[in-house]
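Input: a single structure, listed below in structure tokens.
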Amino acid sequence: MAKTKGALIGCGFFAVNQMHGWQDLDGVEIVAICDRDPERLHLVGDQFGVDRRYRSADEMFDDGGFDFVDIATTVGSHRALVELAASHAVPVICQKPFAPALADAKAMVAAAEKAGIALMIHENFRWQTPILAVRAVLDSGVIGEPFWGRVSFRSGFDVFSGQPYLARGKRFIIEDLGIHSLDIARFLFGDASRMTARTRRINPDIAGEDVATMLLDHDNGITSIVDVSYATKLPEEPFPETFVEIDGSRGTLRLGKDYKLTVHGPDGTTRSVVAPNLLPWASRPWHNIQESVALIQKHWVERLAEGREPDTSGRDNLKTFALVEAAYRSAEYGETIAIADLLA
Ligand code: NAD
Ligand code: 89V
């Protein structure tokens, strides 16, 4: 059977994971890559044996010959590149954060819909093995109806050496990492209607906030807390683990350090380890994130073949992005923000 052909724009720090993921997927081949930095183009092209290399996305689209494009650049270029893909009617995956602002994200969704193409945001954290395990426990009904939850990511890991741009942005942890945690909260507890947030900057060497505490009212009555920090110095560094606590009408669930999952219900308590697989090309401690890249890519290929909307489509991810925007507004003005007002 003919392979699905992809192209990738942005050959930086994270794109290497995406290239590995594509290489491992049967039936997919990355036939062209693009980066305005010739050194990155050379490195990634040689590592993955891709001959078609472009410094301009316009030129790559003009030459064509691919069924989808994977955008792995930083946020500032996302809107222009998604609109470029739409103008060529090429289905597109775009890395998180969706866009610099909600208005851009809405315009990108509109452009994809007008062109009749699929748009998926590479929001991979809900595809992590431990998070999928939590979702499965909720679906089993063993803890009953959830009424309270917490999604927590607290770390002192140096993310700035690999991703120096994170130290420079006016917005940091909510836009970069909290966006994943907020998406996990939506995945586990459903859409949210109201957001109250507080932020702090503890590290004096960065421009944005590195601590955020967010309180969400979900449409189904669940209250959740999403708390994120890159200023938390623990005796054992948990990066990049997300901890989850859920209280339900019949029991509780706790996902803690080293992927330990404890589920307590009317019939007793079960303890298990829901660790991610260490893929051959992955390296600790990133392997949890790396496996989720491979899983979201598989999801994309399946949905593309079926002509069905991906779970983290642009339209879906607008609701996660609105929570990011709401958190910044709430922290700035000290108010609770109604999400529907942002999505209108
Ligand atoms: P990076 O700066 O290392 O790489 C980006 C690359 O894109 C650079 O090589 C740059 O030259 C190139 N580029 C930028 N604009 C371009 C354009 N218009 N045309 C061609 N090339 C262009 O950044 P990174 O750390 O790899 O992050 C990329 C994206 O991945 C970010 O949005 C980041 O938030 C995201 N990310 C996601 C995860 C995740 O788990 N989903 C993890 C890390 C980073
Ligand atoms: O997953 C991410 O988006 C990364 C990191 C884990 C460092 O926040 O930027």
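Quick caveat, the model's predicted, so the values are computed rather than measured. In listed order, ligands and their atoms are each counted from 1.
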For this session: Classify the contact between Val159 and ligand 2 as side chain, backbone, both or neither, using a heavy-atom distance cut-off of under 4.0 Å.
Result: side chain

Exercise. Considering the options Glu245, His218, Arg150, which one meets the side-chain hydrogen bond (donor to acceptor under 3.5 Å, both in side chains) requirement together with Ser224?
Worked result: His218

Exercise. When only distance counts, is Gly10 in polar contact with ligand 1, meaning an N/O pair under 3.5 Å?
Worked result: no

Exercise. Does Ala72 come within less than 4.0 Å of ligand 1, judged by its heavy atoms?
Worked result: yes

Problem set entry | Option whose closest heavy atom lies nearest to atom 40 (O) of ligand 1, chosen from Asn124, Leu84, Ile33 | Asn124

For this session: Give a yes or no on whether Glu39 atom CD has more than 12 heavy-atom contacts from other residues, nucleotides or ligands under 6.0 Å away.
Result: no

Exercise. So, is Gln95 polar-close to ligand 1, with some N/O to N/O distance under 3.5 Å?
Worked result: yes

For this session: Say whether Asp176, considering both its backbone and side-chain N or O atoms, lies within less than 3.5 Å of an N or O atom on ligand 2.
Result: yes

Problem set entry | Arg154 atom CZ, neighbour heavy-atom count above 12 within 6.0 Å | yes

Seminar exercise, completed: Near Gln163 (heavy-atom distance under 4.0 Å), the atoms of ligand 1 are 25 (O), 43 (C), 44 (C)

Exercise. To which of Phe14, Tyr165, Phe125 does the heavy atom nearest atom 23 (O) of ligand 1 belong?
Worked result: Tyr165

Exercise. Ligand 1 versus Glu123, non-hydrogen atoms closer than 4.0 Å: side chain, backbone, both, neither?
Worked result: neither

Exercise. For the ring pair Trp286 and Phe13, is the centre-to-centre distance below 6.0 Å?
Worked result: yes

For this session: Hey, could you give me the NE2/CG distance between His287 and Asn17, rounded to the nearest 0.5 Å?
Result: 13.0 Å

Exercise. Between Tyr230, Phe153, Phe13, which one has a non-hydrogen atom sitting closest to atom 6 (C) of ligand 2?
Worked result: Tyr230

For this session: Show which atoms of ligand 1 fall inside a sub-4.0 Å distance from at least one heavy-atom site of Ile289.
Result: 40 (O)

Seminar exercise, completed: If we number the atoms of ligand 1 from 1 as shown, the ones under 4.0 Å from a heavy atom of Asp176 are 34 (O)

Problem set entry | Atoms of ligand 1 close to Pro97 [distance to a heavy atom under 4.0 angstrom, numbered from 1] | 32 (O), 34 (O)

For this session: Could you check Asp183, Thr320, Asp311 and say which one makes a side-chain hydrogen bond (donor to acceptor under 3.5 Å, both in side chains) with Arg126?
Result: Asp183

Exercise. Which part of Phe14 is near ligand 2, with near meaning a heavy atom under 4.0 Å away: side chain, backbone, both or neither?
Worked result: neither

Exercise. With a 4.5 Å limit on heavy-atom distance, are the side chains of Phe14 and Ile289 in contact?
Worked result: yes

Exercise. Just which atoms of ligand 1 are under 4.0 Å from any heavy atom in Arg40?
Worked result: 9 (O)

Exercise. Considering Ile296, Thr73, Val16, Leu81, which one's heavy-atom position lies nearest to atom 29 (C) of ligand 1?
Worked result: Thr73

Exercise. Between Phe61 and Tyr54, does the ring centroid distance fall short of 6.0 Å?
Worked result: no

Exercise. Is the number of heavy atoms from other residues, nucleotides or ligands within 6.0 Å of CG (Asp26) greater than 12?
Worked result: no

Exercise. For Thr74 and ligand 1, does the shortest N/O to N/O distance drop below 3.5 Å?
Worked result: no

Exercise. CG of Leu279 to CG of Leu295: how many Å apart, nearest 0.5 Å?
Worked result: 8.0 Å

